[in-house]
Amino acid sequence: MSGDHSHNEDQIDCGSRVNDSHKHKDKYKEKEHKHKDHKKDKEREKSKHGNSDYKDFSEKKHKEKEKMKHKDGSTDKYKDKHKEKRKEDKMRSLDGKIKKEKENGFASPQHFKSEPENDFYHSPKHDKSLKRERDDDNDSEFKSKKIKTENEKKPKKRKQDEDMKSKKTKKLKGEVTDGKKKAKKEPEEKWKWWEEERYTDGVKWKFLEHKGPVFAPPYEPLPSHVKFYYDGKQMKLSPEAEEVATFFAKMLDHEYTTKDIFRKNFFKDWRKEMTGEEKAIITDLKKCNFNEMSEYFKAQSEARKAMTKEDKLKIKEENERVLQEYGFCIMDNHKERIANFRIEPPGLFRGRGDHPKMGMLKRRIRPQDIIVNCSKDSKHPEPPPGTKWKEVRHDNKVTWLVSWTENIQGSIKYIMLNPSSRIKGEKDWQKYETARRLKKCVDRIRNQYREDWKSKEMRIRQRAVALYFIDKLALRAGNEKEEGETADTVGCCSLRVEHINLHPESDGQEYVVEFDFLGKDSIRYYNKVPVEKRVFKNLQLFMENKEPDDDLFDRLNTSILNKHLQELMDGLTAKVFRTYNASITLQQQLKELTNSEDNIPAKILSYNRANRAVAILCNHQRAPPKTFEKSMQNLQAKIDAKRDQLSDAKRELKSAKADAKVRKDEKSKKSVETKKKAVQRIEEQLMKLEVQATDREENKQIALGTSKLNYLDPRISVAWCKKWGIPVEKIYNKTQREKFAWAIDMADDDFEF
DNA sequence: ACGATTACTTAGGAAAAACTAA
DNA sequence: TTAGTTTTTCCTAAGTAATCGT
């Protein structure tokens, strides 16, 4: 990269923004800014620092170099660690490569560069689509179909087919056993979509038929004995106002009904539903008494719990009927499960964290709000009698069946397919393949961004430091969001100065960055990490002359970053790093933690610990379960009891041994054996309990589910199970096995991510 | 080239179901 | 059987990123 040239670009870049930015300049100078508008702030920052960039850098660079000469040694510790990690990765990917070439050729796209890919993405349609349409259902007999992975290579075909056959045989066995359990229920065997070709160029399906959504049940007015009081006086509400009142009444026990914003938003929206008279009377929420309503609903839920078995069964059957009718669609000759076929019922919006819209009324969705998507030649879903759909369209470039616009944020909601469906599964698989491609070039990218830390251009340095965080700390990209519309949360690119603290030295480590911010779902991210000196110096530079609520990376946003990433690798975006780092961490931790001598429960503990390492990396937290302490105590009690039992058993064994020594008869010998077995069994049970306790304790505030479901290449887990003879059911429950059927079917014990 | 819109993935908590101990 | 606990499923909010439209 030629310095002078880019420098010029930077200046041009700055210049071109002057027009925009000078608007804000005055505001900035006067320092009366409220920092309400961060976009504006960015512009302002630009104009302010704009032309002085270069100077800043050359000065800084000098200082840096000087210091680096002797300071470098002191950062060695960290750097070395880092280097080692890199080396490991490199080595792994090397021997991975060797194996892989033979291994699941069809699953792991060999290609690095553009050439095969171009072929895949840009080739004219061929006639794949036709194929797809016809030939399913009887695919239990082998068709030597190759899978179209995102970057498949032609020479692989042969191997693929062979591979597939062996896998298939295995899988078939599994299914037989499965079938026994379910007996009649599943006549058609599972469709292996992953053995078929994929659509190209954005077509998602050729045929789509479904029954439309299930609407929320209509409002049932309260029985007349359940009364509402305003200012101590009983008051009969109109059905519309009453319905909204019940939403509030149902939440009375929740803390947020005490929150000001919640109450304010609720009351405002409630009044909109009132009649003129009601509006005139009900002017103060504090004077509203919802207690009878609240009690009524509590009683209702009690009654529901206390229902007879038959009644419960009836409800269950009805649910099942609805599921059968509305829960499936036909997509390209296959019946597939729909994820959320029920329309969200009306209620009070509760966003997460400190949400400015909490308490607003989420309105009821009606047929005329609904857009239906299906194929032209399908039997279109019927709107309920006397109603009409907003629109019926036939867009096979999208995957949704139904959509509507929600009234709180004005965003679109969709009904889509279940994760076990082809359309979701293919995408998921593809996601991991992209991450695996990143694995192949991550070293190059890392070297690149480290170089960029030295760039003359502010925007490049910022980009490089942000990318470093995304890579090292698995931060989210951090799109900008409209202020005041949502809770104030950030990701990497939207970090503000106030979210980090720089410690030249902390706890004996140098160049420590302390992060403290709210991320997605208002989950706190707190972390203190030593960074490389250059990063540290850059951060100091980025923070210079900024207010706490100014953007840390004022020259960067996710679109700039992703554009850059796209140039580094096809299909690369910020979130791929999270997937990659999560999966590679799991693989490496499994390698490190699994003990071949361990029994199954201990191995599973190792698995959970590896999983936990990932969850911690990705900051997947949960509120400690309310019953955590108690449940821990219970478990401990169990352990104690088991210990007693064990010592009893041991004592008995001892005396049996003594007895046998004296008597030397068959009977007593046999008794020794039995006792020995008993001791062994109890020891095993004890150890199982202890493992469970450890696992639970370590998991107190960590949520494993999210990473398991969304970040960890399931083939890593499947391979691990196969390698150690662990039943995959121990790792994945039924739903998860359905979602990951492709991986369970295709991964061998030597799969390498 | 941008802001807005759209499509789709990721997320934690609540509710329901399944399991277990009493 | 019941009551309590744990696991699974449901729910839908909140992200990311691609695409649209100007």
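Residue numbers begin at 1 in each chain, while the letters A, B, ... track the order of the sequences.
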> Does B:dA14 have OP1 or OP2 sitting under 4.0 Å from an N or O in the side chain of A:R350?
Replying inline: no
>> Looking at C:dT5, I'd like to know if its phosphate oxygens (OP1 or OP2) sit under 4.0 Å from a side-chain N or O belonging to A:S631.
In response: no
> Taking OP1 and OP2 of B:dC8, is either one under 4.0 Å from a side-chain nitrogen or oxygen of A:K424?
Replying inline: no
>> Closest-nucleotide mapping onto DNA chain B: is A:T579 or A:N319 further toward the 5' terminus? I mean the 5' end.
In response: A:T579
> Would a 4.5 Å heavy-atom cut-off, applied to side chains only, mark A:Y525 and A:L518 as touching?
Replying inline: no
>> So, does A:T573 get its side chain near the phosphate of C:dA17, meaning an N or O under 4.0 Å from OP1 or OP2?
In response: yes
>> Counting only side-chain nitrogens and oxygens, does A:K204 get under 4.0 Å of the OP1 or OP2 atom of B:dC8?
In response: yes
> Which part of the nucleic acid, if any, lies within contact of A:A623, taking any heavy atom under 4.0 Å across all strands shown: a base, the sugar-phosphate backbone alone, or nothing?
Replying inline: sugar-phosphate
>> By the 4.0 Å heavy-atom rule, please label A:E406 as base, sugar-phosphate, or nothing.
In response: nothing
> Any side-chain N or O of A:Y711 under 4.0 Å from OP1/OP2 of B:dA11?
Replying inline: yes
> Should A:K520 be listed as having a side-chain N or O under 4.0 Å from OP1 or OP2 of C:dA13?
Replying inline: no
> Side-chain N or O of A:K431 less than 4.0 angstrom from OP1 or OP2 on B:dT9?
Replying inline: no
>> Over 60° means perpendicular and under 30° means parallel, so tell me whether A:F517 and A:F515 are parallel, tilted or perpendicular.
In response: perpendicular
> OP1 or OP2 of C:dG15 less than 4.0 angstrom from a side-chain nitrogen or oxygen of A:T489, does that happen here?
Replying inline: yes
>> So, does A:R342 get its side chain near the phosphate of C:dT12, meaning an N or O under 4.0 Å from OP1 or OP2?
In response: no
>> For C:dT16 and A:N562 - does any side-chain N or O of the residue sit under 4.0 Å from the phosphate oxygens OP1/OP2?
In response: no
> Between A:H355 and C:dA13, does any side-chain N or O lie under 4.0 Å from OP1 or OP2?
Replying inline: no
>> What contact category does A:G705 fall into here, base, sugar-phosphate, or nothing, at under 4.0 angstrom with non-hydrogen atoms?
In response: nothing
> Can a side chain N or O of A:K397 be found less than 4.0 Å away from OP1 or OP2 on C:dT19?
Replying inline: no
> Below 4.0 angstrom, N of the basic side chain to O of the carboxylate: do A:D253 and A:K298 qualify?
Replying inline: yes
> Do A:K734 and C:dT8 share a donor-acceptor pair, side chain to base, under 3.5 Å?
Replying inline: no
>> On the nucleotide B:dT20, are OP1 or OP2 found under 4.0 Å from the side-chain N or O atoms that A:K638 carries?
In response: no
>> Please determine whether the number of non-hydrogen atoms from other residues, nucleotides or ligands lying under 6.0 Å from atom CD of A:E318 exceeds 12.
In response: yes
> With a 6.0 Å cut-off on ring centres, are A:H210 and A:F328 close enough?
Replying inline: no
>> Any base atoms under 4.0 Å from A:N479, or only sugar-phosphate, or nothing? Heavy atoms, all strands.
In response: base
